[in-house]
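Report on one structure; see the data block that follows.
Predicted, not measured: the structure shown is a model, and the values here were computed from it.
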Amino acid sequence: MAFIGLGLVFLFILVSGGLRSVEVGFQNTQKIYVQNVWLCAVFSYAVALAGFSIFLAVSRVVAPSAWPSLDDVRDMPWWAPFGGLIGGVAVVGMIAVAKYVGVATFNAVVIVSEMVVALGMDHFGLMGFHTREITPARLVAVGLITVAVYLMASDSPEQPPALLTAADAEGVSR
């Protein structure tokens, strides 16, 4: 049973990771039409807030769970609620620069940076995670991912493609 549970966890990670590439496409298309990076980010988070509010309402009916007490919220570290803001930085990055390097290269660079930061977080047991030491195998894995990024980026054109405008994007499937 544990194997099935772990398999479902990895399936969820794979699906959500794949959706990140689709998200880059959504953000890029939105930027073509809206043209303002900050407004695109606000639109994205407004839609996300509405969607998750609906998910929360449905989950309260389908699978009710306990809500935190006021003491639980007071005891939470001051920095804990800022995860959404940190995610917003990633969204702004998608909107602002992914168009220059393409989805695959953008995501490959993101993965390397995530892995380097994650190694440090694991090694020092930061933010509530159990300590997992940096080992030679983990360093080799990050090195291999970095080589993959180099290969991905070296296959990109020297000059980034011209930026699309809303008029140019009329041929983009909707």
*Are W79 and L85 connected in a single hydrophobic cluster, I mean Ile/Leu/Val/Met/Phe/Trp/Tyr linked by side-chain heavy atoms less than 4.5 Å apart?*
yes
*Rounded to the nearest 0.5 Å, how far does CG of D75 lie from CG of L70?*
9.5 Å
_Rounded at 0.5 Å granularity, tell me how far CD in E133 sits from CZ in F124._
10.5 Å
*Using the rule that two of Ile, Leu, Val, Met, Phe, Trp, Tyr join whenever any of their side-chain heavy atoms come within less than 4.5 Å, decide whether V101 and V97 are in one cluster.*
yes
_Please tell me whether M115 and L139 are part of a single hydrophobic cluster in this structure, the criterion being side-chain heavy atoms less than 4.5 Å apart._
yes
*Under the criterion side-chain contact (heavy atoms from CB on, under 4.5 Å), which of N107, I111, L144, V109 is the partner of V149?*
V109
*Taking all atoms of both residues into account, what is the closest heavy-atom pair of Y45 and G84, and its distance?*
OH-O, 3.3 Å
_Tell me the closest heavy-atom pair linking L126 and G120, and the distance in Å._
CD1-O, 4.4 Å
*What distance do I95 atom CD1 and T29 atom OG1 have between them, rounded to the nearest 0.5 Å?*
11.5 Å
*Would you say F26 has more than 12 foreign heavy atoms packed within less than 6.0 Å of its CZ?*
no
*State the CD-CD distance between E23 and Q30, to the nearest 0.5 angstrom.*
10.0 Å
*Can you tell me how far the CG atom of L8 sits from the CD1 atom of I13, to the nearest 0.5 Å?*
11.0 Å
*Using the rule that two of Ile, Leu, Val, Met, Phe, Trp, Tyr join whenever any of their side-chain heavy atoms come within less than 4.5 Å, decide whether M127 and I86 are in one cluster.*
no
*Short side-chain to backbone donor-acceptor contact, N28 and G25, under 3.5 Å*: no
*For T131 and G125, which heavy atoms make the closest approach, and how far apart are they?*
OG1-CA, 3.8 Å
*Just wondering, do H123 and R138 contact through their side chains at under 4.5 Å, heavy atoms?*
no
*Is there side-chain contact between K31 and V37, with heavy atoms separated by less than 4.5 Å?*
yes
*Same cluster or not: are F106 and V117 linked, directly or through other Ile, Leu, Val, Met, Phe, Trp or Tyr residues, by side-chain heavy atoms under 4.5 angstrom apart?*
no
*Could you give the distance from CG (L39) to OG (S44), rounded to the nearest 0.5 Å?*
9.5 Å
